[in-house]
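Shown next, in structure tokens, is the structure this report addresses.
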Amino acid sequence: MNLPNMKQVNQAEHGQTAHVLKSALRIQLGVTDLSFHRVTAAVVAHVMRLMGKEVEISYALHEANFSRLKLGQIDMLCSAWLPHSHGVYQQQVETQVATRELGLHYEPYALWGVPDYVPEDAVSRIEDLLKPEVKQRIRPIIQGIGEGAGITRFSKNIMREYQLTAAGYQFRTGTQADCVTAFESAVSVNEWVVVPLWHPQFLHHQYAMRELKDVKGLLGGKDRAVLLAREDRLTEHFTPEQIAVLDKITLSNQIVAELDYGVNRLGLSEDQVASHFLTNNPAMLATWLAPLLTQMMQEVAL
């Protein structure tokens with residue numbers, strides 16, 4: 001299938017209904033302010049614009065975005081991690097308004113990891129951090145990211161339930177940059193270090209690390225990263241065929257980690273990596289757009 005360009009899609013989409021689309025409100029897309037969320041949202045926004053939509057992207061922290069969704073300050077959120085990491089926030093939104101989950105951007109999960117040069121027979125499970133010989137070698141500071149993130153909540157539970165705080169370890173919150181810098185500074189000198197991380201994230205595209213087994217199951221398991229929309233705004237802004245397009249957007253942990261690497265290490269913007277990805281993967285984009293293209297062909301046949 002040959003992929004239509006933006007002009008062709010817009011012409012077919014607007015056609016006789018141009019006067020309706022011109023009066024449509026701009027879509028407010030909320031995005032969690034971390035780079036892997038931003039690159040994913042850039043791909044989603046590109047697809048929306050191919051459908052002739054105006055999209056305004058705004059950024060906030062995890063919990064704040066769900067509050068904005070509940071209050072109607074944004075129409076949809078990219079990406080919500082459900083059911084584990086962000087499920088409690090979704091429940092709060094649904095006390096006010098129904099939501100709908102669209103697509104499968106990737107399958108994220110939280111982890112605690114160590115660089116692969118740390119011997120596996122020394123550290124393979126979280127409780128191995130309590131071994132005296134490990135405590136002598138490994139950094140006692142475990143640098144995380146901000147409050148509200150699933151990995152932060154999980155890590156605080158791990159510190160308590162595995163008695164790591166009592167053993168002398170410290171978990172610190174901070175920015176994503178703080179977490180990355182702490183990890184890379186240790187790796188640069190082959191120092192043993194624990195990093196509370198997640199998939200997808202650009203460090204996985206650059207470094208080999210081993211996930212520590214969590215026998216207590218405190219890391220929450222695998223989530224689904226989805227576009228979470230207010231049901232009322234979704235049907236206001238999109239036709240059923242367009243909603244079907246949004247529901248077909250499927251990426252992967254590997255793809256998002258590579259896009260994230262492009263922003264964090266190659267100096268590209270979110271829009272640039274999204275545009276390059278869609279240009280280089282026309283078959284994937286055509287698959288996403290299939291419900292809309294089918295509608296267009298049916299209209300032409302009429």
Side-chain angles (χ1 to χ4, degrees), residues 30-41 58-69 77-92 108-115 118 123 126-127 129-130 134-135 138-188 191-204 206-207 209 211-212 214 216-221 223 225 256-257 260 263-264:
V31 181
T32 301
D33 198 11
L34 291 168
S35 59
F36 61 94
H37 283 295
R38 295 172 73 114
V39 297
T40 305
S58 57
Y59 304 100
L61 296 178
H62 302 79
E63 190 171 1
N65 263 330
F66 285 86
S67 295
R68 296 199 298 154
L69 189 67
L77 170 61
C78 184
S79 301
W81 289 15
L82 303 172
H84 302 293
S85 294
H86 300 156
V88 63
Y89 303 145
Q90 181 192 28
Q91 292 172 9
Q92 293 169 4
Y109 62 92
L111 62 100
W112 272 28
V114 295
V118 176
V123 185
I126 293 177
E127 59 263 40
L129 299 175
L130 298 173
V134 173
K135 289 172 58 179
I138 204 161
R139 281 191 179 185
I141 304 299
I142 300 173
Q143 180 62 59
I145 59 171
E147 298 286 354
I151 182 60
T152 299
R153 298 201 316 274
F154 301 153
S155 294
K156 288 181 176 181
N157 286 338
I158 286 172
M159 295 295 295
R160 180 176 61 254
E161 296 298 324
Y162 282 94
Q163 299 183 341
L164 296 176
T165 301
Y169 290 95
Q170 298 179 47
F171 176 77
R172 292 182 180 175
T173 57
T175 64
Q176 179 176 243
D178 292 332
C179 179
V180 170
T181 298
F183 176 76
E184 291 191 315
S185 66
V187 171
S188 68
E191 185 177 1
W192 291 17
V193 65
V194 178
V195 58
L197 209 58
W198 58 90
H199 275 288
Q201 210 272 351
F202 75 89
L203 288 176
H204 297 290
Q206 187 174 2
Y207 298 99
M209 65 182 73
E211 299 174 22
L212 300 184
D214 169 27
K216 294 180 182 289
L218 301 179
L219 284 167
D223 274 324
V256 174
D260 196 30
V263 168
N264 284 279

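The closest side-chain donor-acceptor pair between Thr175 and Asp178 falls under 3.5 angstrom. Side-chain contact of Arg68 with Ser58: a donor-acceptor pair under 3.5 Å is present, judged by distance alone.
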Pair Ser185-Arg139, side chain to side chain donor-acceptor pair (under 3.5 Å): steps then yes or no: CA-CA 11 Å; Ser185 66; Arg139 281 191 179 185; 3.2 Å; yes
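Taking the six-membered ring for Trp, Trp112 and Phe154 have ring centres at least 6.0 Å apart. Aromatic rings from His37 and Trp81 are positioned such that their centres are separated by under 6.0 Å.
Annotation: the span from Thr32 atom OG1 to Asn65 atom CG amounts to 4.5 Å, rounded to 0.5 Å.
None of Leu203, Val118, Val114 except one satisfies the side chain to side chain contact (heavy atoms under 4.5 Å, CB included) rule with Met209; the exception is Leu203.
Panel note: side chain Asp33, backbone Tyr59; no donor-acceptor pair is recorded below 3.5 Å. Between the Arg38 side chain and the Asp260 main chain, no donor and acceptor come within less than 3.5 Å of each other. Proximity of a side-chain donor or acceptor of Thr173 to a complementary backbone N or O of Gly144 within less than 3.5 Å is not detected. Side-chain atoms of Thr152 never come within 3.5 Å of backbone atoms of Gly148 as a donor-acceptor pair (strictly under, hydrogens ignored).
Ionic pairing of Lys156 and Glu147 is present here: one or more N-O contacts between side-chain nitrogen and carboxylate oxygen are shorter than 4.0 angstrom.
Using cut-offs of 30° and 60° on the angle between ring planes, the pair Tyr89 and Phe66 is tilted.
In this structure, Gln163 places its CD atom where only 12 or fewer heavy-atom neighbours from other residues, nucleotides or ligands lie under 6.0 Å away.
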